[in-house]
Trainee: 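If you scroll down you'll find the structure; I have some questions about it.
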Amino acid sequence: MTTDTSAPTALRHDPLVRGLGLASALLGVPQVAGPGVFVRQLGLTDGPRQRMAAVAVGVRELTAAAGLLGRPHPAWLWSRVGGDLVDLALLATALYRHDGRGVARTAAATAGTAAVTAADVYAAVTRTRWRTPVELTATTTVAKPPDEAYELWSGLERLPEFMAHLEEVRITGPRTSHWTASAPFGRTVEWDAETTRDVPGQLIAWRSAQGADVGNSGEVRFHPAPGGHGTEVQVSLRYSLPAGPLGKAVARHFGEEPHQQLDDDLRRFKQIAEAGEVIRSEGAPGGKRARAEFPQHPAQPLTEDELREVRS
């Protein structure tokens, strides 16, 4: 499992991340510059051990501030969470051993630290984009020569006709395009892509631009089938699945398993290449709308409106 490499660029202009960086700086400076004063403001006994702890915490806060304000990365947010837990443990111990003088200030500091911890946890979780690399391969044979199969696939704007999760592919330049796709739980993801190799009748390869919602790359190859009967279409896809293994398991539960998606897409490609359209059964006359019908309902007669749509 990896984190999104585009995270630093996005975090650099994130108001919450910059706010936490400034908060670390404001907390770190007084602890390093005047640890005794800081300890007394917390309502604690001013002693060598307490001052050393304050300086250590202050250095940690300044380090986090430098990271979040200079080269922001989710790792700095998680370091703040870890530091918060240490601070809460120190304050809880101080409250337990407190002699009663200034206990209200110590309790207030503990409550404030708990609130900051909640903010840090929220920032770390929501700004960290865990992803799992996924590699998929699939093959189908179509009863068309390689040039015709290639021509159908190279018309990128037609890809949503057989790729069920693609909503739109828009050409933006000689070798660039913008893709919009549906994702599990009603989400939509978008990315820009570049065609990296294009050999007419043989190969199309592409990759997403940096900062894509779903980083991906892939290629499709067109080989004459044995005996000259049609074309073998071989597809390889590589992408980063959002939310890690848990997201993959949940997506599979809701009928969004990646390998099955690719097999279904190639089946529809074969139908369009050979018959000119995707063949729909009476059990799923709505085509792509079937994605929203999980769990499937028992088969039943079509309504008059559905019959008119199927026959049109």
Side-chain angles (χ1 to χ4, degrees), residues 4-6 131-183 188-242 256-280 287-288 290-291:
D4 191 346
T5 57
S6 66
R131 297 177 180 272
T132 297
V134 175
E135 295 190 11
L136 308 175
T137 58
T139 303
T140 191
T141 301
V142 299
K144 292 290 181 179
D147 288 344
E148 291 188 28
Y150 163 85
E151 184 178 358
L152 174 58
W153 199 293
S154 64
L156 299 181
E157 293 176 325
R158 293 195 62 184
L159 294 184
E161 294 181 22
F162 58 88
M163 292 187 167
H165 290 74
L166 279 181
E167 299 293 342
E168 180 186 31
V169 178
R170 177 166 44 86
I171 304 300
T172 58
R175 301 179 68 87
T176 58
S177 52
H178 184 79
W179 300 52
T180 304
S182 60
T188 298
V189 293
E190 300 186 32
W191 66 90
D192 292 314
E194 174 190 8
T195 301
T196 55
R197 292 186 64 193
D198 190 344
V199 182
Q202 300 180 35
L203 167 70
I204 302 173
W206 68 92
R207 66 183 175 195
S208 60
Q210 186 174 5
D213 287 342
V214 178
N216 65 90
S217 63
E219 64 181 30
V220 54
R221 295 179 177 272
F222 306 90
H223 300 289
H229 301 295
T231 302
E232 284 190 355
V233 181
Q234 301 175 349
V235 180
S236 300
L237 295 178
R238 296 166 294 278
Y239 65 94
S240 298
L241 187 70
E256 307 288 336
E257 207 282 326
H259 292 86
Q260 186 62 51
Q261 289 176 22
L262 183 57
D263 288 341
D264 290 344
D265 288 344
L266 282 184
R267 175 177 52 81
R268 284 184 289 268
F269 174 78
K270 176 180 175 67
Q271 292 177 351
I272 290 179
E274 296 177 351
E277 64 178 351
V278 174
I279 308 302
R280 300 175 183 174
K288 284 189 177 185
R291 292 177 314 202

Trainee: Mind checking the CG-NE2 spacing from L237 to H259? Nearest 0.5 Å is all I need.
Mentor: 10.0 Å
Trainee: Between atom OG1 of T188 and atom CD of E168, what is the distance when rounded to the nearest 0.5 Å?
Mentor: 11.5 Å
Trainee: Do V220 and V233 make a side-chain contact, defined as non-hydrogen atoms from C-beta onward lying under 4.5 Å apart?
Mentor: yes
Trainee: Tell me the side-chain hydrogen bond (donor to acceptor under 3.5 Å, both in side chains) pairs involving residues 145-155, sequence neighbours left out?
Mentor: Y150-D198
Trainee: Would you indicate whether R238, at its atom CZ, is surrounded by more than 12 heavy atoms from other residues, nucleotides or ligands within a distance under 6.0 Å?
Mentor: yes
Trainee: Does some side-chain heavy atom of R221 sit less than 4.5 Å from a side-chain heavy atom of S236?
Mentor: no
Trainee: Using a 4.5 Å cut-off on heavy atoms from C-beta on, say whether the side chain of V278 contacts that of E161.
Mentor: no
Trainee: What is the distance from atom CG of L152 to atom CZ of R158, rounded to the nearest 0.5 Å?
Mentor: 5.0 Å
Trainee: Would you say CZ of R197 has more than 12 non-hydrogen atoms from neighbouring residues, nucleotides or ligands within 6.0 angstrom?
Mentor: no
Trainee: Looking only at atom types and distance, does a side-chain atom of T140 sit under 3.5 Å from a main-chain N or O of R267, one as donor and one as acceptor?
Mentor: no
Trainee: Tell me the closest heavy-atom pair linking L266 and T139, and the distance in Å.
Mentor: CD1-N, 3.8 Å
Trainee: Would you say K270's side chain and T141's backbone share a donor-acceptor pair under 3.5 angstrom?
Mentor: yes
Trainee: Without swapping roles, check the side chain of R268 against the backbone of F162 for a donor-acceptor pair under 3.5 Å.
Mentor: yes
Trainee: Give me the atom names and distance for the closest heavy-atom approach of F269 to A149.
Mentor: CZ-O, 3.7 Å
Trainee: Atom NZ of K144 and atom CD of E274: how far apart are they, to the nearest 0.5 Å?
Mentor: 8.0 Å
Trainee: Only distances under 3.5 Å count here; give the side-chain donor-acceptor pairs of residues 169-179 to other protein atoms, sequence neighbours excluded, each with its distance to 0.1 Å.
Mentor:
unit_1 : atom_1 : unit_2 : atom_2 : d
T172   : OG1    : T176   : O      : 3.3
T172   : OG1    : T176   : OG1    : 2.9
T172   : OG1    : S177   : N      : 3.3
R175   : NE     : T195   : O      : 3.0
R175   : NH2    : T195   : O      : 2.8
R175   : NH2    : T196   : O      : 3.3
T176   : OG1    : G173   : N      : 3.2
S177   : OG     : W179   : NE1    : 2.7
H178   : ND1    : D192   : OD1    : 2.7
H178   : NE2    : E190   : OE1    : 2.7

Trainee: State, to 0.1 Å, how close P145 and T231 come at their nearest heavy-atom pair, and which atoms those are.
Mentor: C-OG1, 3.0 Å
Trainee: Can you name the nearest heavy-atom pair linking P146 to G201, along with the distance?
Mentor: CB-O, 3.6 Å
Trainee: To the closest 0.5 Å, what do you measure between CD (Q260) and CG (L136)?
Mentor: 11.5 Å
Trainee: At their closest point, which heavy atom of G215 faces which heavy atom of S208, and how far apart are they?
Mentor: CA-OG, 3.4 Å
Trainee: For the atom pair CG (L159) and NE2 (H165), what is the distance rounded to the nearest 0.5 Å?
Mentor: 15.0 Å
